[in-house]
Amino acid sequence: MVADLELAPAGKKDPPIHYSVYGATSAKGEGPFPLILALHAGTKDARSFATYLMPAAEAQGAILVAAQGFREAVGADGFWWKGDGEEQAMLDRLVDHARKSLPPLDPKRFTVVGLLDGAELGIKWALEKDRGVTGVIALNFLWKPPGPPKAPKGLKFCLIASKDAKDKLVSIAESADKARKAVEGAGYAVVLRVVPGASRSFSDGWETEFRNAFDWFDGELDWPKQLAEAASK
């Protein structure tokens, strides 16, 4: 069951942090367990994205922590991300709290999963500082270049884009390819998957992509080699 929780402000200027947690029933023993940090799309919320990602958590035997944006979307029952320093500091607080309050977490298996503006924030947050992230899965986003990368070079990226989706008349697939080139140029391993469909959300056919991404992050699959061999046939 997904639990909805709140982390009280650390100071007068800090907003309370609303988040949802799901502990996979497949997580056995005393850990340490993989951690998945989930960042929802704009106009959505933590609980809906946590519910959507429950199968991914189950496949990994992971603990899933879904952060909720604190900027309410105008005209919609949801929240959005701006991607600024205030939100990055909020994620720092949340992850620090998770590491201290949840069952033991595996420092070598920390994945960020983001959709739309949550993906943009996730890439920026993972790259701009060494936060212990080992893998990023970013879905259907518009590329916004972060500052100079400061994350360890072992960080891996899986970028997933719907082939015919557009946002602000910009092709999501072209935006993801621009991100691939930039991330790869900075020295990081990255896989781009362009999948059928025109939806800016990501509701169908993600299971195989996620499974391969997690196996690649964990060193159980040489995904780039597998894709290169498939392309050469």
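Reckoned from all heavy atoms, side chains included, excluding hydrogens, waters and symmetry mates.
With contacts defined as side-chain heavy-atom distances shorter than 4.5 Å, the pair H18/F70 does not qualify. Here the side chains of D14 and R93 are in contact, with some heavy-atom distance below 4.5 Å. Taking the side chain as every heavy atom from C-beta outward, I123 and F157 approach each other to under 4.5 Å. A heavy-atom distance below 4.5 Å is found between the side chains of W206 and P55. Two residues are said to be in side-chain contact when any heavy atoms from C-beta on lie closer than 4.5 Å; Q68 and D4 fail this criterion. Taking the side chain as every heavy atom from C-beta outward, V65 and L102 approach each other to under 4.5 Å. The shortest side-chain heavy-atom distance between F217 and T111 falls under the 4.5 Å cut-off. Inter-residue side-chain proximity for P224 and W216 is flagged as met; some heavy-atom pair is nearer than 4.5 Å.
In this structure a side-chain-to-backbone donor-acceptor pair under 3.5 Å is missing from R193 to E209. A donor-acceptor pair under 3.5 Å is formed between the side chain of S175 and the backbone N or O of F141. Remark: side-chain polar atoms of D167 are not paired, donor with acceptor, to backbone N or O of V170 under 3.5 angstrom. With hydrogens and angles disregarded, no donor-acceptor distance shorter than 3.5 Å links the side chain of D218 to the backbone of D215.
The pair D92-R131 meets the salt-bridge criterion, with a side-chain N (NZ, NE, NH1 or NH2) lying under 4.0 Å from an Asp/Glu carboxylate O. Note on K163 versus E174: no salt bridge recorded, every NZ/NE/NH1/NH2 to OD/OE distance being 4.0 Å or above. At a threshold of 4.0 Å, the pair K181-D177 counts as salt-bridged, since one of the basic side-chain nitrogens sits closer than that to a carboxylate oxygen. With salt bridges taken as basic N to acidic carboxylate O contacts below 4.0 Å, one links E184 and R180.
The OG atom of S162 sits 10.0 Å away from atom CZ of R200, with the distance rounded to the nearest 0.5 Å. With values rounded to the nearest 0.5 angstrom, N212 atom CG is found 5.5 Å from Q226 atom CD. Remark: L64 CG to Y19 OH distance equals 12.5 Å, nearest 0.5 Å. In this structure, OG on S101 lies 8.0 Å from CG on L7, to the nearest 0.5 angstrom. The line from CD of E72 to CG of D45 is 11.0 Å long, rounded to the nearest 0.5 Å. The line from CG of D164 to CD1 of I172 is 11.5 Å long, rounded to the nearest 0.5 Å.
One hydrophobic cluster holds both L91 and V21 under the rule that ILVMFWY side chains link at heavy-atom gaps under 4.5 Å. No continuous path of ILVMFWY side-chain contacts below 4.5 Å connects V183 to L227, so the two sit in separate hydrophobic clusters. Note: the hydrophobic cluster containing L115 does not contain L192 (ILVMFWY, side chain heavy atoms under 4.5 Å, direct or indirect links). Taking hydrophobic clusters as Ile, Leu, Val, Met, Phe, Trp and Tyr residues chained together by side-chain heavy-atom distances below 4.5 Å, I160 does not share a cluster with V190. Cluster membership for L94 and F79, using ILVMFWY side-chain heavy atoms within less than 4.5 angstrom, is not shared.
Nearest heavy atom pair, residue F33 against residue K28, reads CE2-O, 3.4 Å. The two residues A38 and F49 come nearest to each other via the heavy atoms CB-CD2, 3.7 Å. Between L105 and R99, the shortest heavy-atom distance links the atoms CD1-CA, 3.9 Å. Of all heavy-atom pairs between A119 and A138, the closest is CB-CB, 3.8 Å. Of all heavy-atom pairs between A173 and V194, the closest is CB-CG1, 4.1 Å. The minimum heavy-atom distance linking V133 with W125 is given by the pair CG2-CZ3, 3.6 Å.
At a cut-off of 3.5 Å, with distance as the only test, a side-chain donor of Q60 or R109 sits close to an acceptor on the other residue. Between the side chains of Y22 and E58, at least one donor-acceptor pair of N or O atoms lies under 3.5 Å.
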Query raised in the report: Between L53 and V113, is a side chain to side chain contact (heavy atoms under 4.5 Å, CB included) present by the stated rule, with each step listed?
Result: CA-CA 9 Å; L53 290 176; V113 179; 4.0 Å; yes

Query raised in the report: Do I36 and F110 pass the side chain to side chain contact (heavy atoms under 4.5 Å, CB included) test, and can you show the C-alpha distance, the side-chain angles, and the key distance before you say yes or no?
Result: CA-CA 6 Å; I36 299 174; F110 177 19; over 6 Å; no

Query - From CA spacing to verdict: side chain to side chain contact (heavy atoms under 4.5 Å, CB included), V136, K156 - result: CA-CA 6 Å; V136 174; K156 298 176 181 177; over 6 Å; no

Report task. Dump the intermediate steps for salt bridge (Lys or Arg N to Asp or Glu O under 4.0 Å) on K124 and E87, then the final yes or no. Result -> CA-CA 11 Å; K124 181 180 292 186; E87 290 174 348; over 6 Å; no

**Report entry** Worked check of side chain to side chain contact (heavy atoms under 4.5 Å, CB included) between D117 and L142
**Finding:** CA-CA 8 Å; D117 54 345; L142 293 182; over 6 Å; no

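The aromatic rings of H40 and W81 are tilted relative to each other, their planes meeting at an angle between 30° and 60°.
Taking the ring centre of Y188 as origin, the terminal cationic atom of K153 falls inside the region bounded by 6.0 Å and 45° from the ring axis.
Environment of CD in E30: sparse, with no more than 12 heavy atoms of neighbouring residues, nucleotides or ligands closer than 6.0 Å.
Residue L121 is tested with L39, V112, L116, D84 for a side-chain contact (heavy atoms from CB on, under 4.5 Å); the sole match is L39.
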